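These numbers come from a predicted model, not from an experiment.
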There are 2 protein chains.
Amino acid sequence: MASPMYRQIAENLREQIESGALHPGQQLRTELELRDHYGASRNTVRDAIKWLTTLGLVETRPGQGTFVVRKIDPFVSTLTPDPKREPEEDSRLLLGPGEGETYRAEVARRLRTSDKTEPQVEILKASGLIASQLQVAEGTPVVSRHQKRYIDGTPWSLETSSYPMELVNRGARRLILAENIEEGTVRYLATCLDLQQVGYRDWITVRAPDGAEATFFNVPQDGRVGLYEIRRTAFDQNGIPMRLTVTLYPTDRNQFIVNVGEVPETDSVPASDEQGALAAG
Amino acid sequence: MASPMYRQIAENLREQIESGALHPGQQLRTELELRDHYGASRNTVRDAIKWLTTLGLVETRPGQGTFVVRKIDPFVSTLTPDPKREPEEDSRLLLGPGEGETYRAEVARRLRTSDKTEPQVEILKASGLIASQLQVAEGTPVVSRHQKRYIDGTPWSLETSSYPMELVNRGARRLILAENIEEGTVRYLATCLDLQQVGYRDWITVRAPDGAEATFFNVPQDGRVGLYEIRRTAFDQNGIPMRLTVTLYPTDRNQFIVNVGEVPETDSVPASDEQGALAAG
DNA sequence: GGGTATTTGTCCGTATGTATT
DNA sequence: AAATACATACGGACAAATACC
């Protein structure tokens, strides 16, 4: 009872949305109509809408109206290798998902289309994260390859792979070319330099996007939608880090799976809507 | 130039915060002082503060003031097993982190203290997620054990493990007792029923907390801080799901690591502040 | 405990700007 | 160009939470 009016209005609208009375994509009544309906001022109605906006339930479009958000069909990526993959020519080579054709196959299996831009290549001096993860001194030259990935035409991930410049000097010239390496850089480095990726470590965090990232992913500027930042450090057969890949994925459209030990196949994707009964009380 | 006044005020304050002129925990000037300082109305100043609030840079406390947020020292959990763990008596038994003593050891190694509540046990009929993951018919009885976990006194995770009731009927009576199973339920089920956990699948999503979850974790009600929801389905030696554990972790204080293949040890934790140079342009 | 000053929270009304149709 | 709808900005009033005496 003690809850303020704008919260009560928000709650009322929320129930309409979650009951389905207002379906995704549908336009709400205008602020002036809601003002009359609830007998409140327009500012109070706007406070209610702002609350629903930060909850991610509605979005406002200037000049158009307020709309119930359409939930994006999430895409599920597996961070561990596919156990049933054909053994490589070199059996020690360990390919992660998205490294080679696996990723495309996973997308196709879900009847969705993937697309990625040509890499944007940059040579810079290692600093901070890159230096520490690649275990090189600060200032050591590294090659960074940026790529944007799309699924069904919507922006899905931003990827930056960094390699020690030394690999290029040893013959991996294609790393500095701004073109896709079709067989995958992991295989390329294996054939070119006999550098075998025998393992990797993924470091998973969530943070707010900066302005440019929010623009690219088409998420709000104010940080309501977070980004997974997954840092993959890959190691060669000598235990030396050969690559750092940092990939950003919006949390509103991405999920991940980690398989450990012996796990059965999954063809069916469990309902991701299910909230489960998890009270904190 | 075209940016609205409240954004300019917010930007000015943001620079002061990020430059260190306003240090974490410090109180900002009051809304009335800021109003005079910027020559704006109090409501416009409040819009600026609200913007910074959703960005997670400041927090307001009624009756006290507005403060620069203190960042929480994140805790890092590893989702894959420790490769150097002593082999089990039964070598097929595969323990994940947090299952047994590993979790406590990981906390202690970081010089932090862990604590967890006695489990709250509940018997309910499987539905939705639980039924599909445990591969039982809807309505089948299951045992759910809820636990709250704390690190350094602050709430860290909410865990709900669900087991088919059949396991209890077959002799695993301690599952329905509201007390901790010190050796871990994985070992208990192995010794008690010869049920060996040979693998598990983790499903990682991020979602907004509900009201009770936000209260427990002491995060804002409006969903600015998301929760990792990690669903672990564990399989026995016959490939049958024996357990579903759903754990909730606030994204503002938790990070995860996944090790695949051969990876070297890490004693040093890389700087988590490092933003890296990842432009979306 | 009570009272008071301070500070943020809620709510109102109004005017004007900007984006879209 | 006009109409519509949300965005920004102002000013005022009172409520609620907190701190301090």
Side-chain angles (χ1 to χ4, degrees), chain A residues 1-14 17 22 25-69 211 214-215 218 220-224, chain B residues 1-14 17 22 25-69 211 214-215 218 220-224:
Chain A
M1 279 301 99
S3 82
M5 190 189 305
Y6 80 96
R7 291 288 295 274
Q8 295 181 26
I9 296 174
E11 185 61 19
N12 184 279
L13 291 170
R14 194 184 63 77
I17 292 171
L22 292 167
Q26 184 177 354
Q27 182 172 7
L28 272 65
R29 282 170 291 180
T30 69
E31 293 175 353
L32 295 180
E33 288 171 330
L34 292 172
R35 174 197 57 170
D36 296 340
H37 181 282
Y38 289 107
S41 77
R42 183 180 162 225
N43 279 329
T44 301
V45 168
R46 279 179 61 76
D47 283 342
I49 291 175
K50 179 164 289 183
W51 180 262
L52 294 174
T53 299
T54 59
L55 282 175
L57 291 175
V58 304
E59 62 183 340
T60 57
R61 300 179 208 146
Q64 296 187 51
T66 306
F67 301 83
V68 182
V69 293
T215 301
N218 197 24
Q221 296 276 335
D222 62 9
R224 292 198 312 274
Chain B
M1 286 301 100
S3 84
M5 189 189 303
Y6 80 95
R7 292 288 295 274
Q8 296 181 28
I9 296 174
E11 184 60 20
N12 185 278
L13 291 170
R14 193 184 64 76
I17 292 171
L22 292 168
Q26 184 177 355
Q27 181 170 6
L28 272 66
R29 280 170 292 180
T30 69
E31 293 175 353
L32 295 180
E33 287 172 329
L34 291 172
R35 173 197 58 170
D36 295 340
H37 182 281
Y38 289 108
S41 76
R42 182 183 162 219
N43 279 327
T44 301
V45 168
R46 279 178 62 77
D47 282 344
I49 291 175
K50 181 164 289 184
W51 181 262
L52 294 174
T53 299
T54 61
L55 282 176
L57 292 175
V58 303
E59 63 182 339
T60 57
R61 300 180 206 147
Q64 293 184 252
T66 306
F67 300 82
V68 181
V69 294
T215 301
N218 196 24
Q221 295 278 334
D222 62 8
R224 293 197 310 274

Nucleotide N/O to protein N/O under 3.5 Å, stretch nucleotides 18-21 of chain C:
none

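- With sequence neighbours left out, B/Gln64 forms a side chain to side chain donor-acceptor pair (under 3.5 Å) with no residue at all.
- B/Ile49 and B/Val58 get closest at one heavy-atom pair: O-CG2, 4.0 Å.
- A heavy atom lying under 4.0 Å from DNA chain C marks the following residues of residues 45-60 of chain B, by number: B/Arg46, B/Thr60.
- Using a 4.0 Å cutoff to heavy atoms of chain B, the contacted part of DNA chain D runs 5' to 3' from D/dT8 to D/dA19.
- The structure places OG1 of A/Thr66 at 12.5 Å from CG of A/Leu57, a figure rounded to the nearest 0.5 Å.
- A/Arg42 approaches A/Leu32 most closely through the heavy-atom pair CD-CD2, 3.9 Å.
- One finds the OG1 atom of B/Thr30 at 12.0 Å from the NE2 atom of B/His37 (value rounded to the nearest 0.5 Å).
- Here the CG-CD distance, from A/Asn12 to A/Gln8, works out to 9.5 Å after rounding to the nearest 0.5 Å.
- B/Asn43 meets the side-chain contact (heavy atoms from CB on, under 4.5 Å) test with B/Ser41, B/Arg46; sequence neighbours excluded.
- Residues that satisfy the side chain to side chain donor-acceptor pair (under 3.5 Å) test with A/Tyr6, not counting sequence neighbours, are absent from this structure.
- For B/Asp47, the side chain to side chain donor-acceptor pair (under 3.5 Å) test picks out no residue, with sequence neighbours left out.
- A heavy atom closer than 4.0 Å to some atom of DNA chain D occurs in A/Thr30, A/Glu31, these being the qualifying members of residues 25-40 of chain A.
- Applying the side chain to side chain donor-acceptor pair (under 3.5 Å) rule to pairs touching residues 49-60 of chain A yields A/Glu59-A/Arg61, sequence neighbours excluded.
- Checking A/Asn43 against A/Gly65, the closest nucleotide of DNA chain D that is more toward the 5' end is the one next to A/Gly65.
- With a cut-off of 3.5 Å on both Watson-Crick or G-U wobble distances, the partner of D/dA1 is given as none.
- Annotation: salt bridge (charged side-chain N to carboxylate O under 4.0 Å, His left out) contacts of B/Glu11 (sequence neighbours excluded): B/Arg14.
- Scored by the side chain to side chain donor-acceptor pair (under 3.5 Å) test, A/Arg7 finds no partners at all (sequence neighbours excluded).
- With sequence neighbours excluded, the residues that form a side-chain contact (heavy atoms from CB on, under 4.5 Å) with B/Pro220 are B/Asp222, B/Arg224, B/Val225.
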